[in-house]
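Following: one structure in structure tokens, then a few remarks.
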Amino acid sequence: MAILKIIQYPNPLLKRKAYRVKDVKDPRVQQIIADMIETLAHTSNCAALAATQLAIDIPPSITVINSPVNPGEVICLVNPEIISASGKVSDVEGCMSVYPAEINAVVERSQKVQVKAQDRTGELIEFIAEDYFARCIQHELDHLNGMLYIDRLSPLKKSRFLKKITKLLSDIKR
Ligand code: NI
């Protein structure tokens, strides 16, 4: 197993789209899942990770999430899809790839989502997630589509964010 590097904004690799996994049992896929779970366990204050934000050459459609319901349990979703969504709720969001200690923003998401995916053994699963868990899944699915939460901000909020990050990046260089 290995701990994978988390790619940081504004690296264009964050815009990669994940490929759909055909065979979950493929040893290379299983290795990536094991590495992702290890990386999640070794990253403090990390709710979840998507393959596209990690140093993986060709990232598959996989996300690992620390279960908000059962502490210590990791939920692994392969080829996750949202099949229905309802309600709207705005809340603060941050991202391990976007200076989580310094940067966050309020993002509107669906309150409730119905999710279809495969688990790490390839078994089909379907479930409903609400509130924080639903937000987490939507954030990770965005990653797998090459999108960050900041891409969902209004133009005004996004320009504020860009100012903040430009200052942050110049402070880091100093
Ligand atoms: Ni993120």
Side-chain angles (χ1 to χ4, degrees), residues 2-21 32-69 71 73-82 85 88-113 115-117 120 127 129-154 157-166 168-169 172:
I3 295 172
L4 303 167
K5 193 173 162 262
I6 301 175
I7 296 165
Q8 292 300 313
Y9 181 88
N11 191 324
L13 286 176
L14 290 168
K15 295 196 170 117
R16 296 179 297 175
K17 285 184 171 60
Y19 76 88
R20 203 177 160 77
V21 178
I32 288 173
I33 292 172
D35 289 347
M36 287 178 72
I37 291 172
E38 197 180 14
T39 306
L40 181 67
H42 282 84
T43 308
S44 51
N45 300 316
C46 181
L49 290 169
T52 41
Q53 74 184 128
L54 299 168
I56 296 170
D57 284 346
I58 304 166
S61 180
I62 299 173
T63 177
V64 290
I65 302 168
N66 276 319
S67 169
V69 188
E73 186 201 332
V74 174
I75 297 159
C76 173
L77 303 178
V78 181
N79 301 324
E81 280 173 66
I82 289 171
K88 286 282 169 227
V89 54
S90 293
D91 207 343
V92 180
E93 224 169 279
C95 177
M96 295 315 289
S97 291
V98 193
Y99 302 95
E102 293 90 357
I103 305 269
N104 56 50
V106 172
V107 185
E108 189 184 73
R109 299 282 190 187
S110 298
Q111 184 269 330
K112 186 173 175 177
V113 290
V115 181
K116 196 175 129 186
R120 62 184 297 187
F127 61 94
E130 290 187 75
D131 304 316
Y132 171 80
F133 188 29
R135 173 170 299 276
C136 203
I137 287 172
Q138 291 168 82
H139 179 113
E140 298 313 311
L141 259 74
D142 274 357
H143 270 301
L144 295 174
N145 285 313
M147 207 174 160
L148 298 172
Y149 77 91
I150 51 176
D151 298 321
R152 293 200 175 270
L153 302 178
S154 67
K157 275 192 187 163
K158 190 154 185 181
S159 75
R160 267 191 223 141
F161 159 79
L162 288 171
K163 254 187 213 158
K164 211 171 161 184
I165 200 118
T166 307
L168 189 69
L169 289 171
I172 289 168

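Read the numbers this way: they start at 1 and go in the same order the structure lists the ligands and their atoms.
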Asn104: side-chain contact (heavy atoms from CB on, under 4.5 Å) partners, not counting sequence neighbours: Val92
Enclosure of Asn11 CG (heavy-atom neighbours >12, cutoff 6.0 Å): yes
Neighbour count >12 (heavy atoms, 6.0 Å) for atom NZ, Lys163: no
Pair listing, side-chain hydrogen bond (donor to acceptor under 3.5 Å, both in side chains) test, anchored in residues 141-152, at least two apart: Arg109-Asp142, His139-His143, Asp142-Arg152, Asp151-Lys158
Pairwise distance OG1(Thr52) to CG(Leu14) - rounded to 0.5 angstrom: 7.5 Å
Tally, protein N/O/S atoms nearer to the Ni ion (ligand 1) than 2.8 Å: 3
Residues which pass side-chain contact (heavy atoms from CB on, under 4.5 Å) with Ile37, listed by chain and number, not counting sequence neighbours: Ile33, Val64, Val74, Arg120
